[in-house]
Amino acid sequence: KEHIKEIEQFVSTSKDEIETFRIKYLGKKGLLNDFFGAFKNVPNHQKKEFGQVVNQLKAAAANKVTVLKQALENTTDTKGQYGDLTRPGEPIEIGARHPISIVKNKIIDIFSRIGFNVSEGPEIEDDWHNFTALNLPEYHPARDMQDTFFVQTDPDILLRTHTSSVQVRYMESNKPPIRTISPGRVYRNEAISARSHCFFHQVEGLYVDKDVSFADLKQTLQYFTSEMFGKSKIRLRPSYFPFTEPSAEVDVYWGLETETDYRMTKGTGWLEIMGCGMVDPNVLQNCDIDPEVYSGFAFGMGIDRIALLLHQISDIRLLSENDIRFLDQFKGAL
Ligand code: PHE
């Protein structure tokens, strides 16, 4: 058995080593001849098995010598043991960035130009950071707005439903002025279809300082959308989030009359791209920031939806299936 192993594992590109190997096993005084010589002393009932094993060894050793010699010839007859160094190399496939990363990096880039840093937090969260600190006390009906995955049976540990949880963590450990965006994966217990998935990606933003106003929020959004989508109209519709007051939904005009970016599918009208609002004083208080002194705005958007829009992808599931034919199409996109 140990010989079989040795034969299998033997590799060499040196002529001498191969020859030594050949002599050790297959030479006139080699191991195999010894085994064949010993055959007559093997008890009758073991002869059959012994013979099979020895023949197997012989075949394996002979085969190894042939294969290695062949390999040696293929390389050494041209330019020595490394082969022909003048031959052109095998082309190496380059990868492509994932569309989620492309869009995420673009968003980070746009906000970093106006002083926002990037913060990250855990995907497995506790109730405090995902809900309670964000002004959603237990039994608050708005908790049903986001169907939550709980980790096992512990109602305190869950998969975060938004990256607002990161903003709570950031406020707990940093004092104003705060300008941060939090990209990351989030989870919601939703049926999977072409339009929605049980996990997706968000970028949420937070700005807290003295005298931050709704006008600052609107200007920031206007700046962001025109950098992201080309010169574009936005509109704010009143909405409700427990952690912001007032709250709004942001629509961008994906339409015909605007001077649109070439990537836009024209003629689809107003499209909702994010939620936003002025940070609720209760949230600031929960993070030990004095709402009498400071105010802030927050916003949150889904990266996947924006990636679908910009790249005209028809099914959100493509973003997580990792089909190489799909991913290949983003080669060269940055
Ligand atoms: N957290 C909200 C969501 O997941 C988005 C949001 C963020 C809305 C900040 C307002 C302010 O849908």
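Order of appearance sets the numbers: ligands from 1, and atoms from 1 within every ligand. Throughout, residue positions are numbered sequentially from 1 according to the sequence presented.
Looking at Thr161 next to ligand 1, no N or O pair under 3.5 Å apart turns up. Distances between N or O atoms of Thr244 and those of ligand 1 include no value under 3.5 Å.
Close contacts between ligand 1 and Cys276 involve ligand atoms 8 (C), 10 (C), 11 (C) [criterion: under 4.0 Å to a heavy atom]. Atoms of ligand 1 lying under 4.0 Å from at least one heavy atom of Phe241, given by number and element, are 8 (C), 10 (C). Counting the atoms of ligand 1 from 1 in the order shown, those under 4.0 Å from a heavy atom of Glu204 are 1 (N), 2 (C), 3 (C), 4 (O), 5 (C), 7 (C), 9 (C). Of all atoms in ligand 1, numbered sequentially from 1 with element shown, those under 4.0 Å from a heavy atom of His162 are 1 (N), 4 (O).
For the side-chain hydrogen bond (donor to acceptor under 3.5 Å, both in side chains) with Thr161, the qualifying choice from Asp147, Asn130, Thr148 is Asn130, the only one to do so. Paired with His129 under the rule side-chain hydrogen bond (donor to acceptor under 3.5 Å, both in side chains), one option of Asp127, Thr132, Asp126 passes, and it is Asp126.
A heavy-atom separation below 4.0 Å is found between Phe243 and ligand 1. Heavy atoms of Ser164 come nearer than 4.0 angstrom to ligand 1 in at least one pair. Residue contacts with ligand 1 include Gln202, since one of its heavy atoms falls under 4.0 Å from the ligand.
At least one cation-pi condition fails for Lys58 and Tyr25: the charged atom is not both under 6.0 angstrom from the six-membered ring centre and inside a 45 degree cone around its axis.
Checking side-chain atoms of His98 against main-chain N and O of Ile100 turns up a donor-acceptor pair under 3.5 Å.
Listed by first then second residue, pairs satisfying side-chain hydrogen bond (donor to acceptor under 3.5 Å, both in side chains) with a partner in residues 289-305 read His201-Asp304, not counting sequence neighbours.
Residue Asp211 places its CG atom among 12 or fewer non-hydrogen atoms of other residues, nucleotides or ligands, all under 6.0 Å distant.
Within the 4.0 Å heavy-atom criterion, the part of Phe299 lying near ligand 1 is the backbone and not the side chain. Looking at Arg188 against ligand 1, only its side chain comes within 4.0 Å, counting heavy atoms. At a 4.0 Å heavy-atom cut-off, ligand 1 does not touch Ser247 at all. The residue Met274 has no part lying near ligand 1, judged by heavy-atom distances below 4.0 Å.
Considering every non-hydrogen atom in both Met274 and Gly300, the closest pair reads CB-O, 2.9 Å. Of all heavy-atom pairs between Ile306 and Met301, the closest is CD1-SD, 3.7 Å.
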List the atom pairs, with distances to 0.1 Å, where a side-chain N or O of residues 202-210 and a protein N or O form a donor-acceptor pair under 3.5 Å, not counting sequence neighbours.
unit_1: Gln202; atom_1: OE1; unit_2: Thr163; atom_2: N; d: 2.9
unit_1: Glu204; atom_1: OE1; unit_2: Ser164; atom_2: N; d: 3.3
unit_1: Glu204; atom_1: OE1; unit_2: Ser164; atom_2: OG; d: 2.5
unit_1: Glu204; atom_1: OE2; unit_2: Ser164; atom_2: OG; d: 3.2

